Amino acid sequence: MARLLVTGGAGFIGANFVHHWLRTHAGEPVVVLDALTYAGNLANLEPVKGRAELRFVRGDIRDTALVERLLREERLDTIVHFAAESHVDRSIHGPDAFIETNVQGTHSMLKAARTVWLEERVAPAHRFHHVSTDEVYGSLGPQDPAFSEHTPYAPNSPYSASKAASDHLVRAYHHTYGLASTISNCSNNYGPFHFPEKLIPLMIVNLLHGRDLPIYGDGRNVRDWLHVSDHCRGIERILEKGRPGEVYNIGGGAQSENLTLVETLCTVADAAFREHGDLAKRFPDAPPGRGKESASLIRFVKDRPGHDRRYAIDCRKAERELGYRAEVTLERGLRETFAWYLENEWWWRAVMDGSYQRWIETHYR
Ligand code: NAD
Ligand code: TYD
């Protein structure tokens, strides 16, 4: 039985992981530590609200003393470290927060784990799992082989550089102090509770409002899409079977050019509007509600500076050693994700208009 500290557990992937873990590990304690930045929201934890195993603590991963206290108080033996600034576009406009949270914050987590687990020996059998990204490997050409765990690091954005720095620190704490750490580098996630600043949820919300669908550059950049439920199962496998000191790539095996992906999403939306007559009334500005195609909203806009051309993940090591397999195809994942946003309009309206955030501010001063 593991006793978990999940940092960033009110964010997109962290919250999905908490839902998954409480489903598959009922009765095992989980403490979520989250600063509730713009990207973190208690609304993301609604599905597990009231679960006796769950304790939510609003706090900063850079507060080393707080993390040490939680590890001791709750006798936690496993950290799953998601908390980060995660959006590339924001890192281009304001890199400082990325250095503070992703680099200093991860170092603060490592220091706390070292003090409590290695020096005070509170949990001799422990695990520090660090969640990272394929973006640390840089950009691939069209014919290059996919990123493996041996691909040299070549981060290109302030975001990926800050994640690369945090990966190096985790590796060093294992090598130097013997911290039992693992790292996963995964591709682009999508699914429920995804904040509508990233490509897929932004396109869904814009489409429903009849707003432009902005495609950066020529739209030929390739991403390897990973449904968040597959990612959560991959992390679970690493916690159960992964070897300390090892790195595992987790991918979805679903490469797509951005333009193709957005066109597919438009097709999914058009089909959903044809099938469900009420959608045209609920979303009167969406093109398929007015007899037009969603793809009519696609607009090519100025490219992102330093935009990486292609990411692709070789996850054969995780398949071989952990029995990991991505199960959700991109087509099914996009259909289900679009349906989730239709069914959970309350969620995206609340996180976008800040009403949940304002509620939080009055409850967590
Ligand atoms: P997110 O932005 O949705 O959530 C980040 C969470 O961290 C939020 O809840 C936020 O409040 C919290 N947080 C931020 N700064 C904090 C701090 N100083 N102290 C405590 N909490 C803080 O991010 P996400 O998409 O869920 O990503 C989770 C992790 O996965 C990140 O480490 C990210 O780098 C990595 N990752 C994400 C993707 C992706 O496609 N989303 C892909 C690869 C890797
Ligand atoms: P994003 O979701 O920001 O993830 P990342 O930059 O970490 O891969 O973007 C995914 C891809 O979609 C990326 O190539 C940038 C592109 N993109 C657009 O074309 N338009 C948009 O409005 C956004 C947010 C992203």
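Ligands are counted one by one from 1 in listed order, and the atoms in each one are counted from 1 as well. Remember, predicted model here, so these are calculated numbers, not experimental data.
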**Report entry** Sub-4.0 Å atoms of ligand 2 with respect to non-hydrogen atoms of H87
**Finding:** 3 (O)
Requested in this report: Starting from atom 21 (N) of ligand 1, find the nearest protein heavy-atom neighbour and note its residue, name and distance.
Outcome: A35 N, 3.1 Å
Query raised in the report: Numbering the atoms of ligand 2 from 1, which are under 4.0 Å from a heavy atom of I215?
Result: 19 (O)
Query raised in the report: Any nitrogen or oxygen of E135, main chain or side chain, under 3.5 Å from a nitrogen or oxygen of ligand 2?
Result: yes
Query - Option with minimal heavy-atom separation from atom 17 (C) of ligand 1, where the choices are L33, V228, I61 - result: I61
**Report entry** Numbered atoms and elements of ligand 2 in range of L202, under 4.0 angstrom, heavy atoms
**Finding:** 22 (O)
Query raised in the report: Are R223 and Y311 in a cation-pi contact, defined as NZ or CZ under 6.0 Å from the six-membered ring centre and within 45° of the axis?
Result: yes
Query raised in the report: With ring centroids as reference points, do F195 and Y38 lie under 6.0 angstrom apart?
Result: yes
Requested in this report: Please work out whether the ring planes of F128 and H130 are parallel, tilted or perpendicular, with thresholds of 30° and 60°.
Outcome: tilted
Report summary line: With heavy atoms and a 4.0 Å threshold, my read on which part of H87 contacts ligand 1 is neither
Query raised in the report: Is it true that a side-chain atom of N102 and a backbone atom of E85 form a donor plus acceptor pair closer than 3.5 Å?
Result: yes
**Report entry** Atoms of ligand 1, numbered as shown, that sit under 4.0 Å from any heavy atom of C186
**Finding:** 42 (C), 43 (C), 44 (C)
Query raised in the report: Got more than 12 heavy atoms from elsewhere within 6.0 Å of CD, E28?
Result: yes
Report task. Indicate the ring-plane relationship of H168 and Y153, choosing parallel, tilted or perpendicular according to the 30° and 60° boundaries. Result -> tilted
Report task. Could you tell me whether R243 and E246 have a side-chain N and a carboxylate O separated by less than 4.0 Å? Result -> yes
Query - Electrostatic pair K163-E135, nearest N-O below 4.0 angstrom - result: no
Report task. Pull out every atom of ligand 1 sitting under 4.0 Å from any heavy atom of N188, numbered as shown with elements. Result -> 40 (O)
Requested in this report: Pick, from A83, A39, G14, the option with the minimum heavy-atom distance to atom 22 (C) of ligand 1.
Outcome: A83
Report summary line: Of W340, W348, F12, Y341, the one forming a ring pair (Phe, Tyr, Trp, His ring centres under 6.0 Å) with F193 is W340
Report task. Quick one: look up the protein heavy atom nearest atom 11 (O) of ligand 1 and list residue, atom name and how far away it is. Result -> D34 OD1, 2.6 Å
**Report entry** Atoms of ligand 1 close to S132 [distance to a heavy atom under 4.0 angstrom, numbered from 1]
**Finding:** 43 (C), 44 (C)
Query raised in the report: Tell me, which protein residue and heavy-atom name are nearest atom 21 (C) of ligand 2, and how many Å apart are they?
Result: Y216 CZ, 3.4 Å
Query raised in the report: Which is it for D134 and ligand 1 at heavy atoms under 4.0 Å: side chain, backbone, both or neither?
Result: neither
Query raised in the report: So is T7 in contact with ligand 1, going by heavy-atom distances below 4.0 Å?
Result: no
Query raised in the report: Going by the atom numbers of ligand 1, which of them fall below 4.0 Å from some non-hydrogen atom of S187?
Result: 42 (C), 43 (C)
Report summary line: Among non-hydrogen protein atoms, atom 20 (N) of ligand 2 lies closest to P214 O, 2.8 Å
Query raised in the report: Can you tell me the protein heavy atom closest to atom 30 (O) of ligand 1 and the distance?
Result: V131 CG1, 3.5 Å
Report summary line: A student checking ligand 1 against L36 at a 4.0 Å heavy-atom cut-off should list atoms 11 (O)
Requested in this report: Answer with side chain, backbone, both or neither: which part of L199 has a heavy atom less than 4.0 angstrom from an atom of ligand 2?
Outcome: both
Query raised in the report: Is the H227-Y190 ring centre distance short of 6.0 angstrom?
Result: yes
Query raised in the report: Which ligand 2 atoms does K198 reach within 4.0 Å, using its non-hydrogen atoms?
Result: 2 (O)
Query raised in the report: With a cut-off of 4.0 Å, which atoms of ligand 1 are near a heavy atom of F82?
Result: 28 (C), 29 (C), 31 (C), 32 (O)
Query - Protein heavy-atom partner closest to atom 32 (O) of ligand 1 - residue, atom, separation in Å - result: K163 NZ, 2.6 Å
Query raised in the report: When only distance counts, is D89 in polar contact with ligand 2, meaning an N/O pair under 3.5 Å?
Result: no
**Report entry** Closest protein heavy atom to atom 18 (N) of ligand 1, given as residue, atom name and distance to 0.1 Å
**Finding:** D60 OD1, 3.0 Å
Query raised in the report: Contact between F195 and ligand 1, counting heavy atoms under 4.0 Å?
Result: no
Requested in this report: Return yes or no for this condition: an N or O of R223 is under 3.5 Å from an N or O of ligand 2.
Outcome: yes
**Report entry** Protein heavy-atom partner closest to atom 40 (O) of ligand 1 - residue, atom, separation in Å
**Finding:** N189 N, 2.9 Å
**Report entry** Contacting atoms of ligand 2, where contact means under 4.0 angstrom from a heavy atom of E197
**Finding:** 24 (C)
**Report entry** Protein heavy-atom partner closest to atom 16 (C) of ligand 2 - residue, atom, separation in Å
**Finding:** N258 ND2, 3.4 Å
Query raised in the report: Does R114 count as lying over the ring of Y177, i.e. NZ or CZ under 6.0 Å from the six-ring centre, within 45 degrees of the axis?
Result: yes
Query raised in the report: With a 4.0 Å heavy-atom cut-off (strictly under), which part of T101 contacts ligand 1: side chain, backbone, both or neither?
Result: side chain
Query raised in the report: Is a donor on one side and an acceptor on the other found under 3.5 Å between the side chain of D224 and the backbone of I313?
Result: yes
Report summary line: Honestly, for N188 the part within reach of ligand 2 (heavy atoms, under 4.0 Å) is side chain
Requested in this report: Please work out which of S86, G59, A97 has its closest non-hydrogen atom nearest to atom 1 (P) of ligand 1.
Outcome: S86
Query raised in the report: Heavy-atom contact under 4.0 Å between A10 and ligand 1?
Result: yes
Query raised in the report: Out of I13, L42, I200, T133, whose heavy atom is nearest to atom 38 (C) of ligand 1?
Result: I13
Query raised in the report: How does F98 reach ligand 1, by side chain, by backbone, by both or by neither, if only non-hydrogen atoms under 4.0 Å count?
Result: neither
Query raised in the report: Numbering the atoms of ligand 2 from 1, which are under 4.0 Å from a heavy atom of H307?
Result: 13 (C), 14 (O), 15 (C)
Query raised in the report: For R304 and ligand 2, does the shortest N/O to N/O distance drop below 3.5 Å?
Result: yes
Query raised in the report: Is the NZ or CZ atom of K302 both under 6.0 Å from the centre of the six-membered ring of Y216 and within 45° of that ring's axis?
Result: no
Query raised in the report: If only atom types and distance count, is the side chain of S108 paired as donor or acceptor with the main-chain N or O of I61 below 3.5 Å?
Result: yes
**Report entry** For ligand 2, the portion of T133 having any non-hydrogen atom under 4.0 Å away
**Finding:** neither
**Report entry** Option whose closest heavy atom lies nearest to atom 36 (N) of ligand 1, chosen from F12, Y311, Y159
**Finding:** Y159
Report summary line: Ranked by distance from atom 4 (O) of ligand 1, the top protein heavy atom is G11 CA, 3.5 Å
Query raised in the report: Which atom names give the shortest non-hydrogen contact between G191 and H194, and what distance separates them?
Result: O-CB, 3.4 Å
Query raised in the report: Under the salt bridge (charged side-chain N to carboxylate O under 4.0 Å, His left out) criterion, do D278 and K281 qualify, and how do the steps go?
Result: CA-CA 5 Å; D278 63 312; K281 280 198 207 80; over 6 Å; no
Query raised in the report: For D285 and R290, which heavy atoms make the closest approach, and how far apart are they?
Result: O-NH2, 3.1 Å
